[in-house]
Enquirer: 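There's a structure below that I have some questions on.
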Amino acid sequence: EAPKKLKAYLVPAAFLSYGLVSMTDHSPLRKLDWQTRNELREDHPYFSIKADNYLQFSPALLAMGFHLSGFEGRHNMRDAGGLYLLSFAMMAASVSSVKQLNIRTRPDLSAQNSFPSGHTATAFAAAEFLRQEYKDRSPIISYAGYGLAIATGALRMYNNRHWASDVVAGAGFETMILWL
């Protein structure tokens, strides 16, 4: 059981480590951040869509929609809602704390709270909630939230609000927190 549980932390730990290593200006990963940003800006200089502000919640809304339609998950709707609110509160507190500790400037220069991506962390927390709620009922449903979470992270980069490493770290950070 212990090696299986440890194995579950490898991907989130790698994602979080990627983000942390990129925090130094001379890291090859930081150079990759700049290259990714420059490519996105070059290919899509006027890209601006605010769907990521809503998409981040879509995996949780899917879970609640399934509950409302009578397709029960692992918990009844009240308990599932409570669990989601608890995980959302843990995510918000942890991401907010980390954002206040660092001074990474956003790619669009709008603020110094770029690391980690809160939208991505929210989306991955919701995706993990959906997976946990429906993993015994439907593998397709249980992993669908991750596609939505990845789209949220991609939009954060396309909108020039986050570096690639912010997005990767947000995904790993929140998934790891929820598995603790």
Enquirer: Can you tell me if Glu128 and Gln132 form a side-chain donor-acceptor pair at under 3.5 Å?
Expert: yes

Enquirer: Within the supplied structure, the quantity of interest is the number of heavy atoms (other residues, nucleotides, ligands) at a distance under 6.0 Å from Leu68 CG; does it exceed 12?
Expert: yes

Enquirer: Distance check, rounded to the nearest 0.5 Å: Glu72 atom CD versus Glu133 atom CD?
Expert: 8.0 Å

Enquirer: Check the pair Phe124 / Ile150 against side chain to side chain contact (heavy atoms under 4.5 Å, CB included), numbers first and verdict last.
Expert: CA-CA 8 Å; Phe124 273 85; Ile150 290 167; 4.0 Å; yes

Enquirer: Which atom names give the shortest non-hydrogen contact between Gly172 and Phe15, and what distance separates them?
Expert: CA-CB, 3.6 Å

Enquirer: To the nearest 0.5 angstrom, please state how far the CZ atom of Arg106 sits from the OG atom of Ser117.
Expert: 7.5 Å

Enquirer: Work out which heavy atom in Thr120 is nearest to a heavy atom in Val167; give both atom names and the distance.
Expert: CG2-O, 3.4 Å

Enquirer: Quick check for you: to the nearest 0.5 Å, what is the distance between Leu155 atom CG and Asn53 atom CG?
Expert: 9.5 Å

Enquirer: Strictly distance-based, threshold 3.5 Å: is any side-chain N or O of Trp163 a donor or acceptor partner for the main-chain N or O of Thr105?
Expert: yes

Enquirer: Closer than 3.5 angstrom, by distance alone: can the side chain of Arg41 be matched with the main-chain N or O of Tyr158 as a donor-acceptor pair?
Expert: yes

Enquirer: Check whether Val11 and Val21 end up in the same hydrophobic cluster, where Ile, Leu, Val, Met, Phe, Trp and Tyr are linked by side-chain heavy atoms less than 4.5 Å apart.
Expert: yes

Enquirer: From Phe47 CZ over to Asn160 CG, what is the distance, rounded to the nearest 0.5 angstrom?
Expert: 11.5 Å

Enquirer: Quick check on salt bridge (Lys or Arg N to Asp or Glu O under 4.0 Å): which of Lys99, Arg37, Arg161, Arg104 does Asp166 satisfy it with?
Expert: Arg104

Enquirer: Can you give me the closest heavy-atom contact between Gly118 and Val95, atom names plus distance?
Expert: CA-CG1, 3.9 Å

Enquirer: Nearest 0.5 Å, please: how far is CG in Leu61 from CG in Leu148?
Expert: 10.0 Å

Enquirer: Nearest 0.5 angstrom please: Phe57 CZ to His119 NE2, how far?
Expert: 7.0 Å

Enquirer: In terms of hydrophobic clustering (I, L, V, M, F, W, Y; side-chain heavy atoms under 4.5 Å; direct or indirect links), are Met23 and Val98 co-clustered?
Expert: yes

Enquirer: Could you check whether any side-chain N or O of Asn113 sits under 3.5 Å from a backbone N or O of Gln100, counting only pairs where one atom can act as donor and the other as acceptor?
Expert: no

Enquirer: So, for Ser165 and Phe115, which heavy atoms are closest and what is the spacing to 0.1 Å?
Expert: O-CE1, 4.2 Å

Enquirer: Write down the atom of Ala60, the atom of Ala126, and the distance for their closest heavy-atom approach.
Expert: N-CB, 3.6 Å

Enquirer: Could you report the tightest heavy-atom contact between Ser58 and Leu55, atom names first, then the distance?
Expert: OG-O, 2.7 Å

Enquirer: Assigning hydrophobic clusters by single linkage (Ile, Leu, Val, Met, Phe, Trp, Tyr; side-chain heavy-atom cutoff under 4.5 Å), is Ile49 placed with Met157?
Expert: yes

Enquirer: More than 12 heavy atoms of other residues, nucleotides or ligands under 6.0 Å from CG of Leu85: yes or no?
Expert: yes

Enquirer: Please step through ring-ring contact (aromatic ring centres under 6.0 Å, His included) for the pair Phe71 and Tyr134, ending with a clear verdict.
Expert: CA-CA 9 Å; Phe71 189 65; Tyr134 284 96; 5.5 Å; yes

Enquirer: Can you list the steps and then say if Tyr84 with His75 is a side chain to side chain contact (heavy atoms under 4.5 Å, CB included)?
Expert: CA-CA 11 Å; Tyr84 176 70; His75 302 92; over 6 Å; no

Enquirer: Would you say Thr122 and Met91 make side-chain contact, with heavy atoms under 4.5 Å?
Expert: yes

Enquirer: Between the main-chain N or O of Ser114 and the side-chain N or O of His162, is there a donor-acceptor pair closer than 3.5 Å?
Expert: yes

Enquirer: Indicate, with yes or no, if Val168 and Leu29 share a hydrophobic cluster defined by side-chain heavy-atom contacts under 4.5 Å among Ile, Leu, Val, Met, Phe, Trp and Tyr.
Expert: yes

Enquirer: Quick test of your reading: applying salt bridge (charged side-chain N to carboxylate O under 4.0 Å, His left out), list the pairs with at least one residue in residues 135-158, sequence neighbours left out, ordered by first then second residue.
Expert: Asp52-Arg156

